[in-house]
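Everything below concerns the one structure shown next.
Model, not experiment: these values are computed from the prediction. Side-chain atoms are counted along with the backbone in the values below, which use heavy atoms only and exclude waters and symmetry mates.
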Amino acid sequence: MRDAELVKIFTRRALLIGVGEAALFAVLVARLVQLQVFENKKYTALSDRNSIRIKLVPPARGIIYDEAGEVLADNRNAYEIQMIPEEIIMRGRKVDEILDIIGTKISLSDAEKDRIRANIAKKRPFFPVIVKSHLSWDDMAKIQINNLELPGVFVEETRRRNYPNGEVGAHTIGYVAAPDENDVRRDPSPLLSLPDFKVGKTGIERVRDSELRGSGGEIVQVVNAVGRVIETIESRRRLPTAGQNVHLTINRELQRHAFATIKEESASAIVMDIWTGEILCLASVPAFDPNMFQNEEDGIERFRELVRSPRFPFVNKAIEGLYAPGSTFKMITALAGLAEGKITASSRYHCPGYLDFADSRYHCWKHEGHGWCDLERALAESCDIFFYHIATKVNMDTIQEFSDKFGLTSLTGIELPGEKVGQIPSRAWKRNFRSEAWFTGDTIISSIGQGFNLTTPIGLAVMTSRIANGGVAVKPHIIKWDERDQQFESMGLNAQHLAMVRAGMFAVLNKPGGTARGSAINVNGALMSGKTGTSQVRRITRAERLAGRIEQEDLPWHHRNHALFVGYAPYRNPRFAVSVVVEHGRSGSGTAAPIARNLMRKTLEIYGTGV
């Protein structure tokens with residue numbers, strides 16, 4: 001009985017083991033059938049000098065829009081030839097040999113070949129290198145047809161950054177270009193090694209590069225002995241994520257109008273909302289076409305040509321230019337004098353054309369003088385002598401303090417690279433930086449915006465906005481904000497003092513004798529207020545004064561005075577401020593004010609007057 005039970009147990013276990021072995025054998029057979037029958041083609045291809053290519057897929061760069069949703073920068077499809085040096089060598093061929101063959105199919109100069117070799121030397125051999133970009137359809141077809149002769153060479157459909165408005169707004173929008181060594185050092189992302197990948201170099205393209213860039217994807221491909229893709233492994237595909245779009249406060253129509261108005265001058269023009277800080281126009285002329293950087297072969301020579309220009313088209317004059325503010329600074333001197341009680345609404349000074357102080361004589365721009373002036377007339381006709389009198393009574397540190405309150409001595413924080421900071425001196429500044437004592441004569445010269453004073457056009461726009469809005473410390477921005485973030489504090493200024501200064505600015509354009517009377521506007525009842533400025537770039541010698549007046553047109557361009565104008569509109573219920581600086585433009589009233597007039601008129605036509 002015991003033996004029968006043992007036999008029974010043994011038989012059962014043997015049966016279980018047999019069934020298990022059979023199951024394992026069936027799985028093995030099924031796998032062999034799968035490999036030899038169903039996947040035979042795939043693995044046969046892989047066995048014949050085929051290789052796996054892991055290809056990074058660049059994301060679509062985000063689009064830049066203006067305030068109305070008009071496109072300022074987008075992407076266009078294009079074709080380009082790329083090569084992978086490692087694949088060429090693996091097939092027993094040489095890069096130079098392949099380049100020579102390509103040169104028989106399409107145009108490929110010796111200089112282009114040298115550039116390709118230089119790029120190959122900078123990269124790892126398994127990264128693609130651009131051979132030729134922006135191909136025509138015919139050239140693309142010639143390479144595709146001759147693919148068997150060109151192992152490791154392939155045509156890619158890429159995206160090219162496109163700036164539909166060309167030079168209009170180039171400094172604000174910026175441009176993209178291939179990353180340089182510094183870019184790669186700062187960002188080790190493998191995307192930067194792709195031949196057609198671009199990074200932001202200037203403007204918003206640079207400031208918002210990480211958001212606009214997006215994140216890359218990945219495609220795993222099987223390529224055969226001549227580099228032809230025979231399969232894409234879908235299970236390992238990872239799609240790229242497109243970059244974020246950016247919306248600016250710039251108005252494209254207004255920006256175009258600014259360029260057309262400035263024309264051939266070397267100048268900048270800014271229009272700013274005095275309550276929200278939105279920059280509606282920021283023009284710097286001359287400019288450049290950012291599209292030229294999309295074609296490496298053509299762009300280099302054009303870039304060199306522009307760099308040599310004496311008018312510096314790559315400098316964003318609106319935020320990087322530093323200029324003596326000239327008479328546009330007189331509002332600051334007036335406010336300092338009012339705050340210290342050195343002048344009042346009834347203060348009057350006589351202008352015979354000069355002021356003798358200590359052992360020096362200080363001249364007014366009007367040789368015969370203005371006669372008796374109060375503050376309103378002094379601002380309207382830009383009498384220097386009135387402000388010289390203030391300067392003999394006011395501490396320069398007070399003038400510097402008001403300059404700081406109105407945004408002339410600090411960065412505005414606008415979201416653009418390269419902004420410069422203005423300089424309004426104080427006693428301590430001269431002692432620290434020039435090892436010299438401060439004299440009243442220094443204050444006299446500074447009171448009319450000359451001497452050591454330097455400001456930026458964007459700083460002047462902020463100053464004007466704060467005067468026009470009653471002393472609210474508005475700050476400029478060029479990227480759209482949520483309206484809830486637009487909150488600015490009051491500067492706590494005397495409202496009556498600001499009203500007196502604004503009355504003088506109104507008279508500049510709207511009363512007889514005003515220096516910009518010829519640039520007055522009336523758009524459905526909306527008038528503009530402002531202030532002209534003319535700043536010397538060279539000192540007039542005593543001998544030149546005795547010899548008589550020298551006409552600006554008779555001087556070389558770079559010796560002529562800078563022309564400035566700041567203003568706001570409408571006079572009642574103001575909303576917009578304008579700042580114009582024309583390098584070597586001769587006079588504020590003759591050159592800068594007419595540009596501001598046309599720009600403000602267009603602004604009111606677009607947005608309405610609110611009157």
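- With salt bridges taken as basic N to acidic carboxylate O contacts below 4.0 Å, none links Glu205 and Lys198.
- Ring geometry, Phe288 versus Tyr175: the interplanar angle exceeds 60°, so the pair is classed perpendicular (tilted spans 30 to 60°).
- Screening Thr249, Leu254, Ile250 against Leu282 for a side-chain contact (heavy atoms from CB on, under 4.5 Å) leaves a single residue, Ile250.
- In this structure, Val153 and Ile98 approach most closely via the heavy-atom pair CG2-CG2, 3.5 Å.
- The two residues Pro179 and Val184 have their closest heavy-atom pair at CB-CG2, 4.5 Å.
- The heavy-atom pair separating Ser465 from Val474 by the smallest distance is CB-CG1, 3.8 Å.
- Looking at Arg560, its side chain never comes within 3.5 Å of a backbone N or O of Gln536 through a donor-acceptor pair.
- Distance check, rounded to the nearest 0.5 Å: CG of Asp139 to CD1 of Ile81 gives 7.0 Å.
- Taking every heavy atom of both residues into account, Pro85 and Phe127 meet most closely at CD-O, 3.7 Å.
- For Glu70, the side-chain hydrogen bond (donor to acceptor under 3.5 Å, both in side chains) test picks out Arg252, with sequence neighbours left out.
- Taking both residues in full, the closest heavy atoms of Asn291 and Gly166 are given as ND2-CA, 4.2 Å, listed atom of the first, atom of the second, then distance.
- The residues Lys113 and Asp100 are annotated as salt-bridged, a charged nitrogen and a carboxylate oxygen being separated by less than 4.0 angstrom.
- Ring orientation note: the planes of Trp429 and Phe452 are tilted relative to one another, at an angle of 30° to 60°.
- One finds no salt bridge joining Glu80 and Arg160 here, because no Lys/Arg side-chain nitrogen approaches an Asp/Glu carboxylate oxygen to under 4.0 Å.
- Ile204 approaches Leu248 most closely through the heavy-atom pair CG1-CD2, 3.9 Å.
- Residues Thr456 and Leu322 are in side-chain contact: their nearest non-hydrogen atoms beyond the backbone lie under 4.5 Å apart.
- Ion pairing of Arg206 with Asp209 is absent here, as no side-chain N (NZ or NE/NH1/NH2) approaches a carboxylate O to less than 4.0 Å.
- Taking 4.5 Å as the limit, some side-chain heavy atom of Glu583 sits within range of a side-chain heavy atom of Tyr323.
- Counting only distance, with no hydrogens or angles, the side chain of Glu419 and the backbone of Thr412 share a donor-acceptor pair below 3.5 Å.
- Proximity of a side-chain donor or acceptor of Arg238 to a complementary backbone N or O of Val57 within less than 3.5 Å is not detected.
- A heavy-atom distance below 4.5 Å is found between the side chains of Pro457 and Ser579.
- Side-chain contact between Ile88 and Glu97 is absent, with no heavy atoms from C-beta onward closer than 4.5 Å.
- For the pair His171 (side chain) and Ile319 (backbone), a donor-acceptor distance under 3.5 Å is absent.
- Other residues, nucleotides and ligands place more than 12 heavy atoms under 6.0 Å from the NZ atom of Lys123.
- Aromatic ring orientation, His562 versus His584: tilted (interplanar angle from 30° to 60°).
- Salt bridge annotation for Asp138-Lys105: absent, with no cationic side-chain nitrogen under 4.0 angstrom from a carboxylate oxygen.
- Taking the side chain as every heavy atom from C-beta outward, Pro425 and Asn453 approach each other to under 4.5 Å.
- No side-chain donor-acceptor contact under 3.5 Å links Glu67 to the backbone of Asn251.
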